[in-house]
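Below is one structure, written out as structure tokens; the observations come after it.
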Amino acid sequence: MNAQDVVFGFGAHSTFGDQPELLSLVERADRDGLDLFSLSDHPYLGERLDAYATVGFLLGRTERIAGFANVTNLPTRPAPMLARTVTSLASLSGGRVVVGMGAGGLWDRIADMGVPKLSPADAVDAFEEAITLVKKLSGGGPPVTFEGRHYRVDRIAPAPAAAPPVWTGSVGRKSLAATGRVADGWLPGHAADWLSERYRTSRPVIDEAAAAVGRDPREVRTVFNFPGRITDRPLPATRDGGGRWIGGSAEQWAEELTGVVLEHGASGFMLFSPDGGTSDAVSLGRWGAEIVPAVREAIAKERG
């Protein structure tokens with residue numbers, strides 16, 4: 001997965017009962033040439049498969065597609081151990097992993113796992129430290145000593161594998177700024193898209209924070225979690241009265257997404273069902289076989 005490519009994938013919510021369907025969907029997506037699959041990470045829900053165990057298993061059953069937790073429930077996965085997990089997955093899979101990172105949302109449930117509850121400000125501080133530490137514990141080099149407010153390691157050797165790209169699900173202003181300083185990508189929260197007020201007010205925070213530490217803001221990719229339905233015929237309107245995308249025909253999807261890449265600099269799209277769940281097999285098949293190739297072709301033609 002080249003850092004400059006526009007990427008296309010899909011999101012799945014995996015329960016123990018979903019295993020056969022999940023495997024079938026990911027294997028088909030791999031054959032169809034999709035770039036990514038993602039799984040949610042809610043370890044306090046007993047019916048859910050563990051995100052990282054499942055990503056690792058699915059990477060072992062595929063050849064090309066990359067996987068990630070969208071996004072990692074960081075408070076339950078301490079950063080030094082998360083670094084070991086993701087660098088191992090990257091090495092075993094030939095680099096087919098992304099680190100989706102979150103500061104923690106459902107803190108009451110997270111605390112039920114025995115994790116000390118952090119204030120919102122402290123959670124974001126820990127989130128930024130974690131991204132920094134995951135990168136320091138990757139790529140070889142001398143032992144790392146790190147003394148943060150939330151994480152400390154003493155003379156720990158980094159893994160020889162390079163750090164996978166880190167994409168965040170930041171929503172608040174402080175976590176958006178942290179994304180700009182240390183992350184490689186951003187998944188706008190609440191499935192916000194390029195026409196939403198949330199996106200218009202959030203992306204500049206990332207860009208300003210990146211520039212303030214000497215980074216090119218374009219280094220932080222925007223990959224949209226994007227729900228919608230794929231219809232056999234064109235819809236009279238592809239957005240509802242509130243301006244939110246509802247879907248349309250394959251041609252309408254391709255036209256919309258091509259414009260987003262060329263006009264708004266989007267770096268990727270993760271397909272979800274209209275209710276935010278896993279797309280059905282037919283829709284995912286049309287996504288991989290019709291919409292994604294059309295967008296890739298249009299982008300290549302426009303860019304020459």
Side-chain angles (χ1 to χ4, degrees), residues 1 7 9-14 35-45 48-56 58-59 66-79 81-83 85-87 89-90 96-107 109-110 113 115 118 120 122-135 150-151 163-193 198-199 202-203 205-206 220-227 267-272 276-278:
M1 190 172 62
V7 296
F10 76 102
H13 296 297
S14 52
D35 302 294
L36 290 156
F37 68 89
S38 74
L39 304 176
S40 57
D41 187 20
H42 297 290
Y44 36 78
L45 299 178
R48 295 285 181 90
L49 293 163
D50 176 77
Y52 275 94
T54 308
V55 165
L58 293 171
L59 291 177
F68 73 109
N70 188 356
V71 290
T72 303
N73 192 291
L74 177 63
T76 61
R77 300 184 187 275
M81 288 306 299
L82 179 62
T85 298
V86 298
T87 50
L89 285 173
R96 293 186 293 126
V97 67
V98 171
V99 185
M101 190 75 86
L106 301 175
W107 268 101
R109 295 311 315 276
I110 292 169
M113 296 283 287
V115 177
L118 297 179
D122 282 345
V124 174
D125 288 341
F127 161 83
E128 185 166 2
E129 284 185 14
I131 297 172
T132 301
L133 190 52
V134 165
K135 293 188 174 189
H150 303 277
Y151 293 106
V166 178
W167 298 351
T168 79
S170 295
V171 175
R173 189 174 185 86
K174 188 172 181 180
S175 63
L176 290 165
T179 294
R181 287 190 293 268
V182 297
D184 307 299
W186 176 49
L187 299 143
H190 305 289
D193 72 25
R198 181 180 294 276
Y199 176 80
S202 297
R203 182 67 214 200
V205 178
I206 293 173
V220 185
R221 313 177 76 185
T222 303
V223 178
F224 293 96
N225 288 328
F226 200 46
S267 292
F269 307 92
M270 300 296 296
L271 180 70
F272 286 84
T278 308

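For clarity, every value in this text was computed on a predicted model and none was experimentally measured.
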So how far is it from [X] [atom1] to [Y] [atom2], rounded to the nearest 0.5 Å?
X: T54; Y: L39; atom1: OG1; atom2: CG; value: 6.0 Å
X: T168; Y: M101; atom1: OG1; atom2: CE; value: 9.5 Å
X: F68; Y: N70; atom1: CZ; atom2: CG; value: 4.0 Å
X: F10; Y: D35; atom1: CZ; atom2: CG; value: 12.0 Å
X: L187; Y: M270; atom1: CG; atom2: CE; value: 8.0 Å
X: L106; Y: N73; atom1: CG; atom2: CG; value: 8.0 Å

Distance only, no hydrogens: is a donor on one side chain within 3.5 Å (strictly under) of an acceptor on the other, for H13 and S40?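 Yes, side-chain donor-acceptor contact under 3.5 Å.
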Under 3.5 Å, is there a donor-acceptor pair between the S267 and T222 side chains?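 No pair is found: no donor N or O on one side chain lies under 3.5 Å from an acceptor on the other.
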Counterpart residues, salt bridge (charged side-chain N to carboxylate O under 4.0 Å, His left out), relative to [X] (two or more places apart):
X: E128; answer: R181
X: R109; answer: D112
X: D184; answer: K135

Pairing residues for [X] by the ring pair (Phe, Tyr, Trp, His ring centres under 6.0 Å) criterion, not counting sequence neighbours:
X: Y44; value: H42
X: F224; value: W194, Y199
X: F272; value: none

Taking all non-hydrogen atoms of both residues, which atom of [X] and which atom of [Y] are closest, and how far apart?
X: P164; Y: V97; value: CB-O, 3.4 Å
X: A83; Y: V134; value: CB-CA, 3.9 Å
X: F127; Y: G102; value: CD1-C, 3.8 Å
X: I110; Y: G105; value: CD1-N, 4.0 Å
X: Y52; Y: G100; value: OH-O, 4.4 Å
X: A130; Y: Y151; value: CB-CE1, 3.9 Å

Between F226 and D193, does the side-chain contact (heavy atoms from CB on, under 4.5 Å) criterion hold? Intermediate values first, please. CA-CA 7 Å; F226 200 46; D193 72 25; 4.0 Å; yes
I would like to know whether F269 and L36 meet side-chain contact (heavy atoms from CB on, under 4.5 Å); could you show each step before the answer? CA-CA 9 Å; F269 307 92; L36 290 156; over 6 Å; no
Taking S175 for the side chain and S170 for the main chain, is one N or O donor matched with an acceptor at less than 3.5 Å?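 Not a single qualifying donor-acceptor pair exists.
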Evaluation steps, side-chain contact (heavy atoms from CB on, under 4.5 Å), between D125 and K174: CA-CA 9 Å; D125 288 341; K174 188 172 181 180; 3.1 Å; yes
Testing L74, T72, V55 for side-chain contact (heavy atoms from CB on, under 4.5 Å) with D41, which one passes?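 It is T72, the one option of L74, T72, V55 that forms the side-chain contact (heavy atoms from CB on, under 4.5 Å) with D41.
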Within the structure provided, determine whether P120 and W107 are in side-chain contact (heavy-atom separation under 4.5 Å).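 No, every pair of side-chain atoms sits at 4.5 Å or beyond.
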Is there side-chain contact between M81 and V86, with heavy atoms separated by less than 4.5 Å?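 SC-SC contact between M81 and V86 ruled out.
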After noting the C-alpha distance and the side-chain angles of V223 and W186, does the key distance pass the side-chain contact (heavy atoms from CB on, under 4.5 Å) rule? CA-CA 6 Å; V223 178; W186 176 49; over 6 Å; no
Mark yes when over 12 heavy atoms from residues, nucleotides or ligands other than R198 sit less than 6.0 Å from its CZ; otherwise mark no.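 Counting neighbours around CZ of R198, more than 12 heavy atoms of other residues, nucleotides or ligands fall under 6.0 Å, so yes.
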